[in-house]
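What follows is a set of notes on a single structure, which appears directly below.
Predicted, not measured: the structure shown is a model, and the values here were computed from it. By convention in this document, chain letters (A, B, ...) are assigned in the order of the sequence lines, proteins followed by strands, and residues within each chain are numbered from 1.
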Amino acid sequence: MSDSLVLVSAKRSPFGRYLGSLADLEAVDLAVQVARAALHAGDRDLTPHVEQVFVGNCIQASFETGSVNGRQIGLKLGIGGFATTFDTACCSPLTALRTATMAMCLGELHCALVLGVESMSRTPHVARGLRSGVRIGPVELTDFIYPIEYRGYNPVAVDAATGAERHGVSKRLMDAWALGSHRKWAAARAAGRLDDEIVPIRVPTRFGEQLFDFDEFARPTATLAKIEQLPAVFGSDTVTPGNAPGLNDGCAAVVVMTAARAAELGIDPIAEIVATAWATDEPIGIAWIPAAAIRAALERAGLGLDDLDLIEINEAFAAMPLVSTRILAGADEERWFALLARTNVNGGAVAIGHPVGASGLRIVMTLAYELRRRGGGTGVAAICGGLSQGEAVIVRARGGRHA
Amino acid sequence: MPEVRYALDRSRRVATLTLDTAGPINTIGSALLADFEAAWTRAEDDGASGVLLRSGKRRSFLDGANLRELLKEGSTWTLASLLHRFHAILRRMATSPIPVVVVVEGATALGGGCELLLWAADHVVATPGSRIGLPEVNVGLFPAGGGTHTLRRLVGLDTALDIMARGRVLPAEELVPSGLITMTTRDDAVAAALRWVQGHPASSNRTLGADPCRDLDAARETVAGFRRRFQVSPYKPWFQALFDSVEQGLGGDVAEAAARDVDPFVALWDHSNARNAMDFFFLSQSLGPRLVQVREEAARPVPALAIVGAGLMGRGIAQVAADTGLEVLLVDLGQEQLETAAADLRSTLDGLVARGRWSAERRDALLARIQMTADYDRLRDVPLVIEAVFEDPDLKRRVLAAVQEVEPGIVFASNTSTIPMAQIAARSPRPEQVVGMHFFSPVPLMSLLEVIEGPTSSEEAVATAVTLGRRMGKTCILVGDGPGFYTSRCFGLYVLTGLIAAELGVHPQEVDRIGVAAGFPQGPLHVYGSVGGAVVYHAGHFMAEQMPFHKVPPSLDNLFRAGYTGAGKPCFYRDSKGLDFDPSVLAHIARRDGPTPGEDDVRDLLLLAMVNEAFRCLEEGVLRDLASMDLGAVLGIGFPHCWHGPARYASQRGIRECRDRLAELHATYGITQLEPCRELDRLLACGVDGGLI
């Protein structure tokens, strides 16, 4: 890239349980609260500097008016610049980020708000065919988010399980990874390592407005004995509700600038965006698509696996980080364990939840903050999306005042 | 719906309080106590001349505290206040002039329920099948509802200590001599209670009088004797709490002594070892019966079964099966073996009848269901046979061939403790019929059944074995095939590690003391004699052949060759209790190169060797889940329940700490089995250092 690009601000809401604390908050308003926090992080308001808005959101229909959701958010924030809404399934917010970086590389853009939001609790049920009238008989209401399947393809869980089997990832290992996700989250939360990224959200309740301020989906007292007893779901043998995330609500937002613009404004960035990359494969490759995206990003950046201090691979299922790191490590089991030990170090989607349009940005910011806390370093965040698309982002942080 | 229903017989002026709490059994919780207080007040207000206590449930009179409710509450303050409240109601009933008769109709009164009888009841009318006891030590607690002070006023200090320290539950008949209990028939129970009330209008509760214990020094000496036997592990603090409670109440008032029990009880509640014991109890009660999931339709009905081999195990299995109502055909080589077996079985059962444990009817019904034969042709049309012959692969294969010749479709369940199903079924034309049903000795007392799925075992064979095991009252775990499966592999290692510690220079008695202090019921060298040195020898060598990793310490061979194998022959101890050490055994303990381990090292060697091996079994697919790991270890091979099992032990100590300690011990002492297994690294790579179970 001609001028380097930096993350100057990053905030996310805590992620809500399905039909939990965020279920009664209109998705636009959730996004606006988080974006405002991101725009006001530090001592100043970055709103006037934002030129364009890039929003990832998979289920547009969850919004009251499910159209140009990004634009709705932009207008509410008072940002007049062009707003684009992306749907590449779970890749959405990172596709949004990558597109923003492309525009910045072309010199067309110097400061962007990039956001990912999903309100799965507010997804509507759908009745088709009403428009032409229902002459006789019952009307079928289908659920827009369940089952998570694309006609003509396997359910995602089945492909994830297949990927796990092919790469020697046992159910036992997936269950252990799931437990680890909860425990790492609990340790991170207790140590305050999530304080930088989380912004409490004002939610409407019967008792007036309340503050929602922690990831309520996580189960720090989970045991492997209980997880391993859960039955397999969605036609797979090994994917269970224990080693999969739930359906969740949440939002994550970052402000991206060119390094020059940040310097002009006197802003100390959180991290530099070193490279972004995409990858695709046949739908069955959903478990290893993050590995492909990571390789593509490393190649772009001219870096090797050993240059990475930390890795984030979204836990669409526990299978993803396990399979993808195994592929990256090759035949060397020691190397694989070493990679795992630096993957999702503060917990992942199995514990935190996976609001599908938001997770992509959560893993980027959690990565950037953790690198900074450790005194600096380089890391990659990768995610898979439905029908096997993948995105990866490499960031580099220096040690910060919050280290 | 009140948990204590009140009914007043106006003509007799007798109030009946019926206990019926939410849930399948009656337990003591805040709702029960509140309703009890209200009902008792009503009885007083109504000027009742007597109160009857009954249960609204068929099998449960009152079975202890509602532990689940208390665990959910989480607060020690709630627990303390509940206990004080319980004491208050019992005290109130005891000091009231109104006679109280408890009617127990073929039901159980355990823990707090028993304490209600001991403190508040002036008399108890019980029907056959009623059982009473104080099993609190089984869940890591002690009787804190006055039981430590009231029971001895009934049965004497020595018997009371024995009941409480062993967590015993007794048939009501055994307490009749104390005068508290009268046995009646079901039809007469209430009438008998009413007669008692009429005949004792001004009763005085026995707990109110002066303490019958006059010689306090002698009493303390008795308690000290029990401490020496039971207070042997710092990881089972409930024993100290039990004996301290008894001792502080000697010579004093029941209510005052009970009040002093509250703080120690609450302290135990928070103690991790006590919590482990309680959690294990719940695990075995709730998940245990349904841990192994089999399709009901896949199991073959087994109204009758055959057992080949009328040795100790065969007889034990036959006894349990017949007691459950199954028809049993016991098969052995010849008339002589069969006659010995029959005589032995009869003598065992006669002993139970003589001691009042069993009724003659039960013994006779059981014996009527067992037939003996030396004729394999009788196996035709029998759905399942349990093979319980000598532990020799060739012999078992011959038995399998002989059986399958007569009845090829029979489910062949081997009771082997070490020989893989693959080896037993190797030359069979119907290998899918072979499955393992590994019972533990003594069969009537050990609740674990290790069902082994061989590589060719059919779904029907496995489902039938599990279903039959459950029918026989066993807790089943399902494991995969491999030498020693899960239980024998880990158990053998316990004994062998003990031998190695002795070879490194630790005195055998010291090894055993450390094992017991770690929480094991018996030290490894004591247990060597209990199971029989010959069994350990043969199993040890078999395992070493199959898995070179498992080396046999030279002392094992020395002991075997010298005839130090226990069971009538010389051994480490001359007595079964392991108190009378035989120093001549030392001559057969080889000397091993290496430093002599101190107490901490010996303890860690014994515990971590088993833990490591358990995780190895998990890694190899022999063990399939963590619940099986802990259930199997505690119920089958004496892993201390104060640790809940290897999985909880590793979780509480920390997996990283276990791995590092194993590596350290492995390096220091060169014991091959102590090399930390890969599964520990796998868990650590996933960010898991605890929280397994």
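- When each of B:Leu291, B:Asp625, B:Val688 is scored by its heavy-atom pairs under 4.5 Å with chain A, the top score falls to B:Asp625.
- Neither the backbone nor the side chain of B:Asp630 comes within contact range of chain A; no heavy atoms are under 4.5 Å apart.
- Using a 4.5 Å cut-off between heavy atoms, A:Gln229 touches chain B through its side chain atoms alone.
- Among A:Lys226, A:Lys184, A:Glu333, the residue making the largest number of heavy-atom pairs under 4.5 Å with chain B is A:Glu333.
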Audit row: A:Leu339, A:Arg342, side chain to side chain contact (heavy atoms under 4.5 Å, CB included) steps and yes/no: CA-CA 5 Å; A:Leu339 282 180; A:Arg342 51 189 205 267; 3.6 Å; yes
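- Heavy atoms of B:Leu684 lying under 4.5 Å from chain A are absent altogether.
- Between chain A and the options B:Arg682, B:Arg678, B:Arg624, the largest number of non-hydrogen pairs under 4.5 Å is found for B:Arg678.
- Ring geometry, B:Phe485 versus B:His438: the interplanar angle falls from 30° to 60°, so the pair is classed tilted.
- Contact of B:Leu683 with chain A is made through the side chain alone, with heavy-atom distances under 4.5 Å.
- Contact annotation for A:Ala318: neither backbone nor side-chain heavy atoms come within less than 4.5 Å of a heavy atom of chain B.
- Only the side chain of A:Arg172 comes within contact range of chain B, with at least one heavy atom under 4.5 Å from a heavy atom of that chain.
- A heavy-atom distance below 4.5 Å is not found between the side chains of A:Tyr369 and A:Leu194.
- A salt bridge links B:Arg661 to B:Glu664: at least one charged side-chain nitrogen sits closer than 4.0 Å to a carboxylate oxygen.
- Counting heavy atoms from C-beta on, the side chains of B:Leu692 and B:Phe615 come closer than 4.5 Å.
- Between B:Leu449 and B:Cys476, some side-chain heavy-atom pair lies under the 4.5 Å cut-off.
- Side-chain contact of A:Glu315 with A:Ser181: a donor-acceptor pair under 3.5 Å is present, judged by distance alone.
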